[in-house]
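Report on the following structure.
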There are 4 protein chains.
Amino acid sequence: MPKPIIGVMGPGDSATATNLENATELGRLIAKNNWNLLTGGRGLGVMDAASKGAKQAGGLVIGILPSSDKTGASEYLDVPICTGMGSARNNINVLSSDVVVAVSTGAGTTSEIMLALKAQQPLILLRPQKSLLNFLYELSYPTPAIASSPEEAIPMIAKFL
Amino acid sequence: MPKPIIGVMGPGDSATATNLENATELGRLIAKNNWNLLTGGRGLGVMDAASKGAKQAGGLVIGILPSSDKTGASEYLDVPICTGMGSARNNINVLSSDVVVAVSTGAGTTSEIMLALKAQQPLILLRPQKSLLNFLYELSYPTPAIASSPEEAIPMIAKFL
Amino acid sequence: MPKPIIGVMGPGDSATATNLENATELGRLIAKNNWNLLTGGRGLGVMDAASKGAKQAGGLVIGILPSSDKTGASEYLDVPICTGMGSARNNINVLSSDVVVAVSTGAGTTSEIMLALKAQQPLILLRPQKSLLNFLYELSYPTPAIASSPEEAIPMIAKFL
Amino acid sequence: MPKPIIGVMGPGDSATATNLENATELGRLIAKNNWNLLTGGRGLGVMDAASKGAKQAGGLVIGILPSSDKTGASEYLDVPICTGMGSARNNINVLSSDVVVAVSTGAGTTSEIMLALKAQQPLILLRPQKSLLNFLYELSYPTPAIASSPEEAIPMIAKFL
């Protein structure tokens, strides 16, 4: 059996300092738990921060890139996958992750949250804003798990595996 | 120049009677304005209702199917496109539409709203729920146009073209 | 039932004058038979020539573009589909065509011939070179139909529908 | 810098015993050279044999699956990527490989050879049949490198990196 793949989704340009800290810590903890990390692969924002955390803790980092080559990829990737299909690759991120964790919510990240709900993939939201939760409560899908910190997300991930 | 393509996005199984009425009327008006209609192609919910409205008004109906063949397609399609790529086709729906109109919000539809924001495509929400709007206001993207009826959506579409 | 979609595949830059003539005539005949034409959508080579033939004969022309917008599209398209997924869209060309006709063989076109064999789609080769046929005979797939002219391809298409 | 990814492409069901032996040996040598292996991920034919060879030699094995989940995946994968996009994933195989090696030629594999030519990816054919070569010589693309054994392919791969 391959090691579990934990997908960490989050914004690129619009990530806040707190998002980046959370992503790095989450990446670190995922590696420490001997899971593989998957991100959208780009060298910025949550994708890059989570990759850095996992890589520096000795983990394996998979990046599903929107581009057709490695231009703009995070320097922390072990396995860069070049899809050449832009945001359509968001669905691959979701389908390939045994558990999806969303750190903050840009438009791309929210599309991944929605695709995860649609595909019935295990889904954890890290410190989601209240307005997203209020919206999610009205959708006819099971409510995702909610973690208040990277540390709290880890046992939730473990439970899904 | 090809005729404008207006994408109408909306839920399948979870569509309400009001959603279906709105979708049918919107499809009808799109056809009456001599625009082509694009939907996710399936034979249920908003996709089917909008297709029916456009087809019965003499319009051309394009369906971007998630499946690799025409099984489950709406009977009102003129141009069934078989992508064989599941929900990854949502990005094609958005990129191929000159204007995207979302009727209600299932998970798939919301992924399309997000992909439209990401791709900076003209976007109209038809009678969106308050919770979605509250969430959208917090994203760092231009707020979509909001229509209170199919009739009101038409001049908004025209303005985008 | 939607009208049949006939996919005409062929090279862009490397198309010969004969390829272009054949493509235009094939497009014209497809339209005259009241079928819809599908191509890879670009404004050059066989794609453009077939689109021109069909459009000028009053047919409907569908173009499945590799790009995420309409830049570089054939001016003869009625339905430009923007996939944003590069050559991965070749599989959509094949799956969406009720019959696939290959006019000459660049690398992209040959990938479509192979994807059509794989998907067991009806396949006609127009004046294929001997070396391609010799190769195809060795594959464990049914041999495609072979047409010596656009005129000869038409009854073969009709038989597949 | 991530380790180079070497893509080994080859048929599933139609692989011969010799194909399988070559694929296993090639996978083993790729791992011994400290490169990562990428295949189409399925648990049969060349994909499975190459994965087995690399895995048993301690290498990392990436599988780009056509399916939306891990059903039918090779048991030797370390990194199963679920694309849910069928044969359209062939383009991802090609774009993600720093060097593409084709072992034998089914229809799917030949589509990958063609997509590699199109994307100008380094390409090696392992013991290709004469009819394929004769066809390739007529295409307006650089002729791929040709290896007569897995052992001979290794320095060719190294030279491309």
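By convention in this document, chain letters (A, B, ...) are assigned in the order of the sequence lines, proteins followed by strands, and residues within each chain are numbered from 1.
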**Q.** Thr109(A) portion near chain B, given a 4.5 angstrom heavy-atom threshold
**A.**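 It is neither, since no heavy atom gets under 4.5 Å.
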Q. Given that the side chain runs from C-beta out, which part of Asn90(A) has a heavy atom under 4.5 Å from chain B: side chain, backbone, both or neither?
A.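 It is the side chain, since no backbone atom gets that close.
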Q | Residue from Ile113(B), Thr110(B), Leu115(B) passing side chain to side chain contact (heavy atoms under 4.5 Å, CB included) with Ser111(A) | A |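 Only one option passes, and that is Leu115(B).
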Which atom pair, heavy atoms only, marks the closest approach of [X] to [Y]?
X	Y	result
Ala107(B)	Tyr141(A)	CB-CE1, 3.4 Å
Ser140(B)	Ser14(A)	OG-CB, 4.1 Å
Lys118(A)	Ser87(B)	CG-OG, 4.0 Å

Q.
Nearest 0.5 Å, please: how far is CG in Leu139(B) from CG in Leu132(A)?
A.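 One gets 9.0 Å once the value is rounded to the nearest 0.5 Å.
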Q: Flag the pair Glu138(A) / Lys130(B) as yes when at least one side-chain heavy-atom distance between them is below 4.5 Å, and no otherwise.
A: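 Counting from C-beta outward, Glu138(A) and Lys130(B) never come under 4.5 Å.
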Q.
Just so I know, are the side chains of Thr105(B) and Phe135(A) near enough to count as touching, which here means a heavy-atom distance under 4.5 Å?
A.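 In short, these two side chains touch, coming nearer than 4.5 Å.
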